[in-house]
Each structure stands twice: as structure tokens, then as C-alpha cells.
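All remarks here apply to the structure that follows.
As a basis for the values below, the full set of heavy atoms in this structure was taken, side chains included, without hydrogen atoms, waters or symmetry mates.
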Amino acid sequence: MPEPTFSERVYATVRRIPYGRVVTYGGIAALLGTPRAARGVGSALAALPEGNDVPWWRVVNGRGEISLPHYPGRLQRMLLEQEGVPFRRSGTIDLRRFGWRTQFWEEDRSDVGGRRPAREGGETNR
DNA sequence: CAGCTGACTCCTG
DNA sequence: TCAGGAGCCAGCT
């Protein structure tokens, strides 16, 4: 296992999320060093097999809500509430209180979400 | 190797 | 607060 795939690294990171905490897709991507790969994180989790040891339910979107519109039984919400993570009436989670390492990327999100860091000089680095 | 798709995120009106 | 549009990534066809 010389070069773990992106998905492998995603799973490894998700396994480190503490019980009762949640992380956003973009947050996982940022921890992996690729803050713009939030979509890739979603794809990786979507490919998870049934019997896995990855707490995928602790991953939510940037607005603190479940990103599984077509998943039956509200399973993710049930599991989170079971861990003590409360949902507001609007169906969102307070990431400021339950987000793991949330304040870390609150300091600088200029790289998150498909947006590139400004680079006004217009200078071609080479 | 080109083209699509999607458990994403951000900006603007 | 909500809808529309655009950008970025990994995995599949």
C-alpha cells in the first residue's frame, strides 16, 4: 500500500471523527490538504460498502444539514441524534458547537468550495 | 483519453 | 431566505 487512494484517505479521516461530533465534506477535504475536493469526499463516501467501519453519518454539508435526500428512513439523522447531536427545527446541526475542529477552518475559508485563492497579480507563476 | 455524474461549496441577484 | 450559476475533484463509462 504505497500510495493510498483519495478514498482511502477520506475513510481514514472520517474514522478519526470523535463520537458525537460532525465534520463537513469540505472540512474532510481540507484536512486532507485539498480544500476544494469536497465533491470528491462525497463520491468516496457514496462508494462505501455495507459492512464498513467508517462513521459516514458524522459527515454533513457546509450548512450543517444532511446531504442524503434520497436515503430512506432518515438513517443519518437517527444515528446522529443517538450520539447526542441535536437537530434544530429547520433540520440543521449547530456546527459551531458540534463540528469537529470547526474553528480551525473558520479562520481561513478562502480556499473552500471550488473558489480559488484570489491571485490578483494575474502573474503566471512561471 | 474525452465526457458525465454527483453524499459539495460559494457568490450574486 | 431562496433560486440560479459557476468552479473544483474523484471515479466511471
(message) Tell me the interatomic distance from Leu68(A), atom CG, to dA7(B), atom C1', rounded to whole angstroms.
(response) 5 Å
(message) Between C1' on dC2(C) and CD on Glu65(A), what's the gap in Å once rounded to a whole number?
(response) 12 Å
Dump every N/O contact between nucleotides 10-13 of chain C and the protein below 3.5 Å, one line per pair.
unit_1  : atom_1 : unit_2  : atom_2 : d
dG11(C) : OP1    : Ser7(A) : OG     : 2.9

(request) Would you mind reporting whether Val59(A) and Ile17(A) have side-chain heavy atoms less than 4.5 Å apart? (result) yes
(request) Look up atom OH in Tyr11(A) and atom OG1 in Thr5(A), then write down how far apart they are to the nearest 0.5 Å. (result) 7.5 Å
(message) Tell me if a side-chain donor or acceptor on Thr13(A) pairs with a main-chain N or O of Arg9(A) at a distance below 3.5 Å.
(response) yes
(message) Could you tell me how far apart Leu32(A) (CG) and dC8(C) (P) are, to the nearest whole angstrom?
(response) 19 Å
(message) Counting C-beta onward and ignoring hydrogens, is there a side-chain heavy-atom pair between Gln76(A) and Leu79(A) closer than 4.5 Å?
(response) no
(message) How long is the straight-line distance from CG of Asp53(A) back to CG of Leu48(A), given to the nearest 0.5 Å?
(response) 9.0 Å
(message) Within 45 degrees of the ring normal and closer than 6.0 Å to the centroid, is that where the cationic atom of Arg39(A) sits relative to Tyr25(A)?
(response) no
(request) Give the rounded distance in Å between these two atoms: CD1 of Ile66(A) and P of dT9(B). (result) 12 Å
(message) Rounding to an integer number of Å, can you tell me how far Tyr11(A) OH sits from dA7(B) P?
(response) 14 Å
(request) Would you mind reading off the distance between Asn52(A) atom CG and dA7(B) atom C1', rounded to a whole angstrom? (result) 13 Å
(request) State, with a plain yes or no, whether a side-chain heavy atom of Trp57(A) is found less than 4.5 Å away from one of Arg77(A). (result) no
(message) With heavy-atom distances below 4.5 Å as the criterion, would you say the side chains of Pro55(A) and Tyr19(A) are in contact?
(response) no
(message) Between C1' on dA7(B) and CH2 on Trp57(A), what's the gap in Å once rounded to a whole number?
(response) 15 Å
(request) Whole angstrom is fine here: how far is it from OH in Tyr25(A) over to C1' in dC8(C)? (result) 17 Å
(request) Output the distance between atom CZ (Arg58(A)) and atom CZ (Arg16(A)), rounded to the nearest 0.5 Å. (result) 13.5 Å
(request) Enumerate, in order of first residue number, the stems that involve DNA chain C, defined as 3 or more consecutive Watson-Crick or G-U wobble pairs with both distances under 3.5 Å. (result) B:2-6 with C:9-13, B:8-13 with C:2-7
